[in-house]
Amino acid sequence: MITNLHSFLHQYFTVHDCKVITENDTEMTIQLTRDLDQVLMNRPFYWHYMDKIGRQGEPLSLELDTNTEKKDNNKEWIHYGSPRLQQIFQHIKQQARYTMLYEEKDSLNKSALLPWLVTNLKVQYAGSQKKEDIYSIGLQLINGSIVSNMMNQIESIALQRVMSDYSYTISPIIRPISGFNRIFQFVEDQLLDQNWQWAIESEKLLQEELKLVEYFFDKQEDNQDILNKEKERLHERLQPKIIIEIINAGLFYLKEETTQSIINKART
Amino acid sequence: MRVPVIKDELFVNNYNEATQNPAHLADWQLFKQSYQIAETMKIASFNKLVAPKFLPHMEFLPHQLACAENVIQKMNGRALLADEVGLGKTIEAGLILKEYLLRGLVQKVLILVPASLVNQWVLELNQKFLIPAASSGKRVSWQDANILITTLDTAKLAKHRDTILEQNYDLVIVDEAHKLKNHKTKNFQFVQQLSKKYCLLLTATPVQNKLTDIFNLISLLKPGYLGTYEDFINNYREQKRKIDEDPYLKQLISKVMVRNRRSDTGVHWTSRKIKTVWVSFSEEEMNAYSKIEHFFKQKTALSTITYLREFCSSREACYLSMKKWLQENEATEDPDAIEVLETIEQLPNHAKALKLVEIVKQSKEKMIVFTEYRATQIYLQWLLHQEKIPTVIYRGGFKKGKKDWMRQLFQNQAQVMIATEAAGEGINLQFCHHLVNYDLPWNPMRLEQRIGRIHRFGQENDVIIYNFATKQTMEENVMNLLYTKIQLFENVIGQLDQILTDLNVQDLEKEVEQIFLESKSLGETKIKLDNLTSVIQSYQHNTPSKEHIL
């Protein structure tokens, strides 16, 4: 969960090499980089023009207000649901789909890193209503151990894009692609235990509504087109289904002691 | 129970390729952030609204939240929103739309509204709900744009129609949906043909009046819900049943319709203060009034009342339409006619207009003045201008840009807005709380729409309504008999509407007009009007009113 939107945004901008010019608890001014200007400021013509005439162009700065209530200032109010935050969320989601990370280490002894496939999934129960669950699954790719709540387990571990010196990786025995299948299977097994009332109600409603439209259009032969359309839309709207979507996933190389502690915790 | 499970194969298929390319790989920080976003935005429960949490600047009223929950959970997104004027139907629709967007159940949306409301919808959805809705401009792309606001007339145009019908909409919203009550119209057929998952129809006009109206609207939402047209007509019309008398039908309808009344909302409403302003004609004016009456009674029994009504509004209104009548009837040479016209020409400023100037000057508050006639509108503007009182005028026929501009001028600069009837629908003037009914409409719905412009959510002051009436004219009769006796101003319209339906009075305005036309003397008019109002009145006493708000 995002517990503090302000620091979440601060992190987002610094990860993207933007300079935070001024900042207090609820406001910040950020000098954007060219990259983020192009992502967030929606002025493709400006950049196109600058490129055409061979100029550098000047990225804009953003003044944000992260108060939970709108204040009467000239700063842009940013909060859950605001288009700007949606835009930033989209950007993060799109950038952070895949990864490959290595656990940091500082000792000079040679040591092995073990491969994990970490997968975060969103399960959508979609019928007449909708609900979502989030799963974070870790699959150890050597011995096939599966751990849930993986993100919580590794949250505070230092991970980086390049391997530290004196580390070496052990190649996976389970290939990531088949790893995903194991993970899907694991999630599906969990689904069996849940309450299916929502799906039963949805299906019942669908059948009732189908009967109604058929009855209504039965006597109007020239309206078969509309009838088919209505039926199609009813299925779309009411047919219960479960969608398992992957939020993001990646190969994580973790130290042996980390691996051991994660598996031990999962056992207890 | 077997439920299909759809797995994200695409992600898996792209995995190998994506991990080969370092540019596609995320830092640990971003990877964590993306997971946090998913957790934060998760729809945790099937039935609790998430939208209010994401709109902390909005204060929703209990009935609006209840409406959205009801529509989403019980009605499955297909509903008729029929709240009384001013209870925030647009807010309810916006809230429902936002909820669906957040839940990922809706992406493509078509919103059909009257031309005068397009801008307001764009503004409200963007500012209040932070929904990136756009109006369909000249180069509209029905395929690409996700949330478009347009008019039925634009959508029906040959060049757009087919493309729109090819789209699969997740949600279609129709504002002022009473325009779809007839299933034989192009409007109805167009909306019926739209491919839509969810659908909201908004109307303030109570549709209980005619069973067929409600049948048609519901058939758009849930075809078959009330059976076929023929079944329905046979069942209900022949037996002359009414919705209220049929608990089964009432219950059926309550599953597709939300209708909040002011009294149900549990919210404190500012009250309406009604002031009747009696004006006396000068001797010359009285003289002209009699001449007009005399002249037309001789020539044509049919339209006397029209010219008298106009004369009670302004010299100009009557003069212009009388001239027109003379030309049409080739009577411009008629010495009687010339005499009447000359009498009108010589009159000084109209007594009612002078009274208006007096009230405007005394009150110093912003006022909206409604008149039925354009000629009166122009005359009043001229007169107030002479008195150095800044005014703006407003007409239904204005282009939307001009309407917005006029509203803004009124809010920031002018003291008085002079509006003709067509201003009734769609503009919100909560910043003003004085309203002048310079001429009274004979149709109570129109009266309610006028008042609804300022007596609505966001109005912080008591609303003061001045009703002008000229003594010793037909206005006096209408005022005394129609308005005062049945307490039209004090009561919210819903109740009267119900009564008229029960009494089988289709159109009160026509009824009144008929009485004036068919009566041979003033006495007869009075008696007939008195009878009409007595029936209404007795009905009012028999049905204890829930809707009395004073």
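By convention in this document, chain letters (A, B, ...) are assigned in the order of the sequence lines, proteins followed by strands, and residues within each chain are numbered from 1.
- A distance-only check finds a donor-acceptor pair linking the side chain of A:R237 to the backbone of B:K197 [under 3.5 Å].
- Ranking B:V5, B:I43, B:L194, B:N168 against chain A, the residue ahead of the rest is B:I43, based on heavy-atom pairs under 4.5 Å.
- Considering OH of A:Y98 and CD of B:E17, their distance stands at 9.0 Å, rounded to 0.5 Å.
- Interatomic distance, NE2 of A:H79 versus CZ of B:F54, reported as 10.5 Å (0.5 Å rounding).
- Top candidate by heavy-atom pairs under 4.5 Å with chain A, chosen from B:A44, B:S34, B:S219, B:S45, is B:S34.
- Salt-bridge formation is detected for the pair A:E209/B:K222: a Lys NZ or Arg NE/NH1/NH2 atom is positioned less than 4.0 Å from an Asp or Glu carboxylate oxygen.
- For the atom pair CE of B:M41 and CD1 of A:I2, the computed distance is 8.0 Å after rounding to the nearest 0.5 Å.
- Ranked by heavy-atom pairs shorter than 4.5 Å toward chain A, the options B:A23, B:P132, B:A51, B:A18 are led by B:A18.
- Rounded to the nearest 0.5 angstrom, A:M151 CE and B:E39 CD are separated by 8.5 Å.
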Between A:L159 and B:F31, does a side-chain contact (heavy atoms from CB on, under 4.5 Å) hold up when you go through it step by step?
CA-CA 11 Å; A:L159 293 160; B:F31 191 85; over 6 Å; no

How far apart are the C-alpha atoms of B:I37 and A:I247, what are their side-chain angles, what is the distance that settles it, and do they pass the side-chain contact (heavy atoms from CB on, under 4.5 Å) test?
CA-CA 10 Å; B:I37 293 169; A:I247 300 159; over 6 Å; no

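- Between chain B and the residues A:N120, A:T119, A:L85, the largest count of heavy-atom pairs under 4.5 Å involves A:N120.
- Heavy-atom pairs under 4.5 Å with chain A were tallied for B:L10, B:N14, B:N13, B:N16; the largest tally goes to B:N14.
- A heavy-atom distance below 4.5 Å is not found between the side chains of A:L121 and B:F11.
- Note on A:S136, A:A158, A:A249: by heavy-atom pairs under 4.5 Å with chain B, the leading option is A:A249.
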Begin from the C-alpha positions of B:Q33 and A:K93 and carry the test side-chain contact (heavy atoms from CB on, under 4.5 Å) through to its verdict.
CA-CA 8 Å; B:Q33 284 204 321; A:K93 278 192 216 167; over 6 Å; no

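- Taking CD of B:E9 as the reference point, atom CD1 of A:I246 lies at 8.5 Å (rounded to 0.5 Å).
- For chain A, the option among B:L105, B:I6, B:D170 with the highest count of heavy-atom pairs below 4.5 Å is B:I6.
- Ranked by heavy-atom pairs under 4.5 Å with chain B, the list A:Q160, A:K122, A:E155 is led by A:E155.
- In this structure the side chain of B:V3 never reaches within 4.5 angstrom of the side chain of A:Y125, judged on heavy atoms.
- Among A:I200, A:I177, A:V15, the residue making the largest number of heavy-atom pairs under 4.5 Å with chain B is A:I177.
- A:I134 is listed as a side-chain neighbour of B:Y35, based on a closest heavy-atom distance under 4.5 Å.
- The closest side-chain heavy-atom distance from A:H16 to B:L30 is below 4.5 Å.
- Annotation: maximal heavy-atom pairing with chain A below 4.5 Å, among B:Q193, B:R2, B:Q73, occurs at B:Q73.
- Taking CD of A:E132 as the start and CZ of B:F46 as the end, the distance is 10.5 Å to the nearest 0.5 Å.
- Using a distance-only test at 3.5 Å, with no hydrogens or angles considered, a donor-acceptor pair links the side chain of A:R233 to the main chain of B:Y169.
- Across all their heavy atoms, A:L251 and B:Y15 have their closest contact at CB-OH, 3.7 Å.
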Please report the C-alpha distance between B:N47 and A:Q129 in whole Å, then the side-chain angles of each, then the deciding distance to 0.1 Å, and finally whether the side-chain contact (heavy atoms from CB on, under 4.5 Å) criterion is met.
CA-CA 7 Å; B:N47 41 30; A:Q129 306 301 331; 6.0 Å; no

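- Between B:K255 and A:E208, no side-chain nitrogen of the basic residue sits less than 4.0 Å from a carboxylate oxygen of the acidic one, so the salt-bridge criterion is not met.
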